[in-house]
Protein chains: 2
Amino acid sequence: MSSRKTASDFSTPAFRQHDHGECARSLMDAAHDLCAKRGLRLTPVREKVLELLLKSHAPLGAYAILSELASAGFRAQPPVAYRALDFLVENGLAHRIEKINAFVACSQPRKEHSPIFMICNDCHQVAETSVKPQSSSLDRTARAIGFNIQHTVVEAQGLCAQCRERML
Amino acid sequence: MSSRKTASDFSTPAFRQHDHGECARSLMDAAHDLCAKRGLRLTPVREKVLELLLKSHAPLGAYAILSELASAGFRAQPPVAYRALDFLVENGLAHRIEKINAFVACSQPRKEHSPIFMICNDCHQVAETSVKPQSSSLDRTARAIGFNIQHTVVEAQGLCAQCRERML
DNA sequence: TTATTAATTGTTATGATATAACATTATTGG
DNA sequence: CCAATAATGTTATATCATAACAATTAATAA
Ligand SMILES: [Zn+2]
Ligand SMILES: [Zn+2]
Ligand SMILES: [Zn+2]
Ligand SMILES: [Zn+2]
């Protein structure tokens, strides 16, 4: 048993068969832990938004979240959703997918990472992986031109293996 | 004199001193050539939008373009700007920067490429570089999980060398 | 050329995403 | 408790983008 990890070892289970109930529960637990450790307040609306995001690996738009919040008895003005999302994103519990103006729960909320996303255009699920910062093409290019990176957006759209197979 | 090129050789001149008048003129010429070769029509409004984008290496939002179009005597309803931008983007003459909902002229409109952008948060200019598709972290990761990439978004926000120096 | 078709542009309206501003309530620390 | 801070409630508006259909212009082929 080697300790080597391939890229897929780091990928979110989005495109792999897995027990998503357990997947979601463990990420919710991790969120509670992380907030406790950092003295952050995972208030009811914030927890509810995270719960909604954790329902699947398909990102949700802010207004979809808002409407789910309304159904669950929360106030439903846009700032309610955006504030909760801001909290989750700022604290590394969720990510914004720029290409589709939507949000997804982070699949590795413990560690600092520069996430990269694979967005399936067919099943709409998003896999999150991350890359060693130093080794990315972006970092190499930035060093070459003296650019100081503060934030990165790395997203790919296409077809996941399952969807591609289904289309054959 | 080696034929090796470093990443900076491929970068747009955005963050380097250069004759931008010449820079813009040659890109406009290239656009005319490309359209002629492909039988595309660089109509007045499309050419004007490209001209506006070529005024600097700082991206412009669709409504900024719209207002410049109005000043220049063009019709100024949103679809006018979005259609021209769609044409330019579809034909590789401009790119959309997802992180800031804005558009920039392509700096290497001839060849197929997967562009990478460096967005300076201070001077708001954007450098475009590109990476050999096979070698990017995104492609390696995609191969590892069997994901078929159709489109990529790779953007970094931060500070260009000049702006960082100026801040010291 | 002239009819036919296709591409582009004009126009109105609306949809979708996001934030500013300020009032109110809840939590925390002294 | 009291003052300070953080979070939430609420209204209004800003910003970004497209649907739908009409009118015009350009390309094409009979
Ligand atoms: Zn899961
Ligand atoms: Zn899929
Ligand atoms: Zn230039
Ligand atoms: Zn700069």
Side-chain angles (χ1 to χ4, degrees), chain A residues 31-32 35-50 52-53 58-91 93-104 119 124 153 155 157, chain B residues 31 35-50 52-53 58-70 72-91 93-104 119 124 153 155 157:
Chain A
H32 279 279
C35 288
K37 271 179 192 137
R38 297 194 201 159
L40 301 171
R41 295 175 53 205
L42 195 58
T43 60
V45 65
R46 291 166 176 176
E47 181 174 17
K48 184 66 188 179
V49 170
L50 181 56
L52 292 169
L53 293 179
L60 291 174
Y63 281 75
I65 288 166
L66 204 52
S67 110
E68 300 266 2
L69 282 178
S71 306
F74 290 84
R75 291 292 108 74
Q77 293 75 17
V80 173
Y82 282 102
R83 283 167 180 161
L85 288 165
D86 285 350
F87 171 86
L88 295 173
V89 169
E90 276 167 17
N91 297 110
L93 297 170
H95 298 293
R96 178 184 161 83
I97 311 294
E98 296 295 336
K99 191 64 206 302
I100 58 177
N101 297 337
F103 300 83
V104 71
I119 308 162
H124 305 297
V153 175
E155 301 170 0
Q157 276 186 311
Chain B
C35 288
K37 271 180 191 135
R38 297 194 201 160
L40 301 171
R41 295 173 54 207
L42 196 58
T43 60
V45 65
R46 291 166 175 175
E47 180 174 17
K48 184 68 187 178
V49 171
L50 181 56
L52 292 170
L53 293 179
L60 292 173
Y63 281 74
I65 287 166
L66 203 52
S67 111
E68 300 266 1
L69 282 178
F74 289 84
R75 291 293 107 73
Q77 293 74 18
V80 173
Y82 282 103
R83 284 167 180 160
L85 289 166
D86 285 350
F87 171 87
L88 296 173
V89 169
E90 277 168 16
N91 294 294
L93 296 171
H95 298 293
R96 179 184 161 83
I97 312 293
E98 296 295 335
K99 190 66 207 300
I100 57 177
N101 297 337
F103 299 83
V104 72
I119 308 162
H124 306 296
V153 176
E155 301 170 359
Q157 275 186 311

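Contact annotation: the side chain of A:Asn91 approaches that of A:Arg38 to within less than 4.5 Å [non-hydrogen atoms, C-beta and beyond].
Note that CZ of A:Phe74 and CD1 of A:Ile65 are 12.5 Å apart. Values are rounded to the nearest 0.5 Å. To the nearest 0.5 Å, atoms CG (A:Leu66) and CD (A:Gln77) are separated by 7.5 Å. Between atom CG of residue B:Leu85 and atom CG of residue B:Leu93 there is a gap of 11.5 Å, rounded to the nearest 0.5 Å. If you take CD1 on A:Ile100 and CZ on A:Phe103, they are separated by 10.5 Å, rounding to the nearest 0.5 Å. Expressed to the nearest 0.5 Å, how far NE2 of B:His124 lies from CD1 of B:Ile119 amounts to 11.5 Å.
Summarising the geometry, the separation between CG on A:Leu66 and C1' on D:dT10 is reported as 13 Å, rounded to the nearest angstrom. When rounded to the nearest whole Å, the span between CG of A:Leu85 and P of D:dA7 equals 15 Å. Distance CD1 (B:Ile100) to P (D:dT15): 16 Å, rounded to an integer number of Å. The distance between atom CG of B:Leu60 and atom P of D:dT15, rounded to the nearest whole Å, is 16 Å. Counting to the nearest Å, the P atom of D:dA17 and the CD1 atom of B:Ile97 are 13 Å from each other.
For the helix from C:dT1-D:dA30 to C:dG30-D:dC1, the end axes, each set by the C1' atoms of five terminal pairs, are bent relative to each other by 30° (nearest 10°).
What you find for A:Leu50 and A:Ala31 is that their closest heavy atoms are CD2-CB, 3.4 Å.
Comparing A:Phe87 and B:Arg96 by the nucleotide of DNA chain D that holds the closest heavy atom to each, the one mapping nearer the 5' end is A:Phe87. If you find the closest nucleotide of DNA chain C to A:Ala102 and to B:Thr43, the one lying nearer the 5' end belongs to B:Thr43.
Taking the 5' to 3' direction, DNA chain C first and last meets chain A under 4.0 angstrom from a heavy atom at C:dT17 to C:dT27.
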Using atom names, set out every protein N or O paired with an N or O of nucleotides 24-28 of chain D below 3.5 Å, distance rounded to 0.1 Å.
none

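B:Tyr63 contributes a side-chain N or O that forms a donor-acceptor pair with the base of D:dA17 under 3.5 Å.
Listed by chain and residue number, A:Arg96 satisfy the side-chain hydrogen bond (donor to acceptor under 3.5 Å, both in side chains) test with A:Asn101 (two or more places apart in sequence, or in another chain). Looking at residues two or more places apart in sequence or on another chain, you find a side chain to side chain contact (heavy atoms under 4.5 Å, CB included) between B:Arg83 and B:Pro79. Looking at residues two or more places apart in sequence or on another chain, you find a side chain to side chain contact (heavy atoms under 4.5 Å, CB included) between A:Glu68 and A:Leu52, A:Lys55. Among residues two or more places apart in sequence or in another chain, the side-chain hydrogen bond (donor to acceptor under 3.5 Å, both in side chains) test is passed with A:Glu155 by none.
Residues from residues 73-83 of chain A that place a heavy atom under 4.0 Å from any atom of DNA chain C, listed by number: A:Pro78, A:Pro79, A:Tyr82, A:Arg83.
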- Item | Residues A:Phe87, A:Tyr82; criterion side-chain contact (heavy atoms from CB on, under 4.5 Å); working and verdict | CA-CA 9 Å; A:Phe87 171 86; A:Tyr82 282 102; over 6 Å; no
For residues 41-49 of chain A, which side-chain N or O atoms pair as donor and acceptor with protein atoms under 3.5 Å away, sequence neighbours left out?
{"from": "A:Arg46", "atom 1": "NH1", "to": "A:Arg41", "atom 2": "O", "distance (Å)": "2.7"}
{"from": "A:Glu47", "atom 1": "OE2", "to": "A:His32", "atom 2": "NE2", "distance (Å)": "2.9"}
{"from": "A:Lys48", "atom 1": "NZ", "to": "A:Glu51", "atom 2": "OE2", "distance (Å)": "3.3"}

